[in-house]
Amino acid sequence: MTKMIAGQALVKVLEAWGVDHVYGIPGGSINHTVEGLYLEKNNIKYIQVRHEEVGAIAASADAKFTGKIGVAFGSAGPGATHLFNGLYDAKMDHVPLLALVGQVSQPTMNTNYFQEMDEDPLFADVSVFNRTVTTAEQIPYVINQAIREAYRQKGVAVVQLPEDLTSKKINYQPSKTPKIIKDSFKQVVDPKAVSDTLQMIKEAKHPLVYAGRGLLGSRDILQKFAKQFNLPIMNTVPATGVISTDSPNFIGTFGRLGTKSGFEALQHTDLILFLGSEFPFANFWPKGIKIIEVNNNSFDIGKTVDIDYAVISDAQSYLLALINSGESRPADAWLKANQENKKNWDNWLNKLAEDDSNGLNPETVTKKIQEISGPNDTFSIDTGNVSEWGVRGVPMNQNQRFAISGLFATMGFGIPASIAGALSVPNGQAWSLSGDGGFSMVVQDLITQVRYHLPVINIVFSNKRFGFIWYEQQETKQHFYGVDLTGADWAKVAEGLGGIGFTATNKSDVEKIFTKIQALQNSGNQKPIVVNAEIKSDDPVATAYMPIDTNIYGEKASEAYAKHYGIDRTTQPPLSDLLKKYSK
């Protein structure tokens, strides 16, 4: 048992759980927690961000990249409220995060004191655990319980810390209870669920898998299942990387960020194995499709779409049970047609990457990222049209890791998450991909990348508008209002903040800039890099609804859609034609 201030004991609990860095900004009501970080600075790193929102988003991204809890703090009042974007991101995407929230000293609580705020109800909705400590001695215990609950419930734990309590000296004794990060228990899959699934697969003509985040870390198992049963594999956007993007069975995703192959597969499928997800847009799937939903949380089953068959199990155990059945399915016309459809789509994206006759295409940049990225790189994708370019373009075929603000979809995710990527996965290159809208929200934290010598490569797709919302106003026939942006020279901004800046306006620029970037990184560069990619303002191809099949939508609709997005229908035949081709 050792005597120390409670703020230091708090930090020792974090260390015991394997936390090696914490984000935040000092303040009067959190100062003795910061003192604890100082006293333990040889064991845990304090990362000073320039906005608490950035710290909270980075903490959420830490969890997305590694599965380990992220930690951020803020002082009472504005420091606390600034945390919310990151906390809600973690809540919505079900990752563990601990928020340490300062509070005024106990004697001044309930007196309308400076920066005092009733924090308990404020954090009630975002958290799975929300406590205000009442004695200094209980601080280590409460922090320990908060972390356990964040892991157990895959969510946000909030601990509110009156400043006078963290400053008191207490006798600290580490907890002997083992630190369990995840439940290693795998549910025994009901044999009837296995036999019923096998029967439904046999009866289906066009079955496919739709995989969610519940299968992250199970790539080899999913790949083995796909090969044994010869099924096309789709994934939700937050689950990007759940199967290798160069897998022959991978056909993309569905929705605004999707692929032609993904959209068309859903128009023809008759059975979906919906695994480890609560995908909110499943209710937009065509009706009349049989759905087997597998989830280890029974309350998530049927939450977003009405289903035909429920399996309460973790998705990995379910797939292993199917694999171990020894059953299989032949590589038929359905699989081959989907594979060719995806190949045609990829060829079209590559064609866009080569064409800068009317201005720089985003695909030119993402293709270059594919060419020079390494096997352990992290990709932090911001919200907006950039989400489409990132999901469609970054490689996830080795040990790369992907993070996006999936369900909360907060803009300004890219830079904070890339800080997490650089810190949590130091053996890989950290990338951020942002639009100029999201980038400008958090650009000040390039200083954080500079301060901690994080050579993140930050890509800014600049087109001087909120492109995602521009598209929505266009589709709903509104006036274009509030979606234009005043531009900035982001390369010069980067230099002014201590980084390295480049501007690209065409394919030749991209080639030269990325050659310079490779040389910089190979020579041990420790500064963040910003590539200001001034792209043309064309709307990315809309994949939530693709009326390209004349057999379904008619010639007029198909021709208009193809003309609008510059799609050559001779090289992008509809899936129905490919099915006929392989069924002969």
Side-chain angles (χ1 to χ4, degrees), residues 21-26 34 37-38 41 45-59 61-62 72 82 86 365 369 372-373 377-382 386 403 411-462 485-505 509-510 512-534:
H21 61 272
V22 176
Y23 307 94
I25 298 177
V34 176
L37 287 167
Y38 171 78
K41 64 183 177 181
K45 192 169 188 177
Y46 160 53
I47 304 298
Q48 180 205 73
V49 290
R50 305 308 288 262
H51 196 297
E52 289 91 349
E53 174 189 19
V54 168
I57 291 175
D62 276 326
H82 282 171
V365 180
I369 292 171
I372 76 164
S373 59
D377 290 5
T378 57
F379 296 100
S380 303
I381 313 299
D382 218 317
V386 66
M411 291 178 67
F413 183 86
I415 287 178
S418 71
I419 293 170
L423 292 167
S424 291
V425 191
N427 63 329
Q429 172 63 55
W431 299 79
S432 79
L433 277 68
S434 305
D436 44 355
F439 189 78
S440 62
M441 290 182 173
V442 289
V443 65
Q444 77 285 335
D445 271 271
L446 282 175
I447 299 172
T448 304
Q449 296 178 358
V450 170
R451 180 183 178 97
Y452 297 102
H453 310 292
L454 306 177
V456 177
I457 302 174
N458 303 277
I459 310 295
V460 191
F461 294 99
S462 302
L485 293 172
T486 301
D489 187 333
W490 299 115
K492 287 186 178 178
V493 170
E495 292 172 359
L497 296 178
I500 300 168
F502 298 103
T503 295
T505 60
D509 288 345
V510 171
K512 293 173 184 175
I513 287 167
F514 275 79
T515 297
K516 291 178 181 177
I517 288 173
Q518 283 184 287
L520 281 167
Q521 303 303 70
N522 291 337
S523 65
N525 170 55
Q526 293 296 300
K527 291 184 177 182
I529 295 169
V530 171
V531 178
N532 181 34
E534 296 184 354

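Counting only residues at least two apart or in different chains, side-chain hydrogen bond (donor to acceptor under 3.5 Å, both in side chains) contacts with residues 47-57 comprise Gln48-Arg451, Glu52-His82, Glu53-Asn85.
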(request) Verify side chain to side chain contact (heavy atoms under 4.5 Å, CB included) between Ile457 and Ile369, making sure each step is shown before the conclusion. (result) CA-CA 10 Å; Ile457 302 174; Ile369 292 171; over 6 Å; no
Checklist line | Full working for side chain to side chain contact (heavy atoms under 4.5 Å, CB included) between Ile372 and Gln429 | finding: CA-CA 10 Å; Ile372 76 164; Gln429 172 63 55; over 6 Å; no
| message | Between Ile517 and Ile513, is the side chain to side chain contact (heavy atoms under 4.5 Å, CB included) condition met? List the steps. | response | CA-CA 6 Å; Ile517 288 173; Ile513 287 167; 3.8 Å; yes
Discussion item. With side chain to side chain contact (heavy atoms under 4.5 Å, CB included) as the criterion, how do Tyr23 and Ile57 come out once you've worked through the C-alpha distance, each side chain's angles and the decisive distance to 0.1 Å?
Written reply: CA-CA 10 Å; Tyr23 307 94; Ile57 291 175; over 6 Å; no
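In this structure, Phe379 and Ser373 approach most closely via the heavy-atom pair CZ-CB, 3.9 Å. When all heavy atoms of Leu497 and Val443 are compared, the closest pair comes out as CD1-O, 3.5 Å. Heavy-atom minimum distance, Val460 versus Asp436: CG1-CA, 3.9 Å.
The side chain to side chain contact (heavy atoms under 4.5 Å, CB included) test applied to Thr505 returns Thr503, Asp509, Glu534, not counting sequence neighbours. Scanning for side chain to side chain contact (heavy atoms under 4.5 Å, CB included) contacts around Lys512 gives Ser508, with sequence neighbours left out. Residues that satisfy the side chain to side chain contact (heavy atoms under 4.5 Å, CB included) test with Val450, not counting sequence neighbours, are Pro528. For Trp431, the side chain to side chain donor-acceptor pair (under 3.5 Å) test picks out Asp377, with sequence neighbours left out. Residues meeting the side chain to side chain donor-acceptor pair (under 3.5 Å) test with Ser434, sequence neighbours left out: Asp382. In terms of the side chain to side chain contact (heavy atoms under 4.5 Å, CB included) criterion, residue partners of Ser424 (sequence neighbours excluded) are, by chain and number, His21, Asp62, Thr66. Every residue two or more places apart in sequence or in another chain was checked for a side chain to side chain donor-acceptor pair (under 3.5 Å) with Ser380, and none qualifies. Contacts of Gln444 classified as side chain to side chain donor-acceptor pair (under 3.5 Å), with partners at least two apart in sequence or in another chain: none. Qualifying ring-ring contact (aromatic ring centres under 6.0 Å, His included) partners for Phe502, counting only residues two or more places apart in sequence or in other chains: none.
Residues Val493 and Val530 form no side-chain contact, since every pair of their non-hydrogen atoms from C-beta on lies 4.5 Å or further apart.
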Report, one line per pair, each donor and acceptor closer than 3.5 Å where one atom sits in a side chain of residues 414-422; sequence neighbours left out.
| unit_1 | atom_1 | unit_2 | atom_2 | d |
| --- | --- | --- | --- | --- |
| Ser418 | OG | Ile415 | O | 2.7 |
| Ser418 | OG | Gln449 | NE2 | 3.1 |

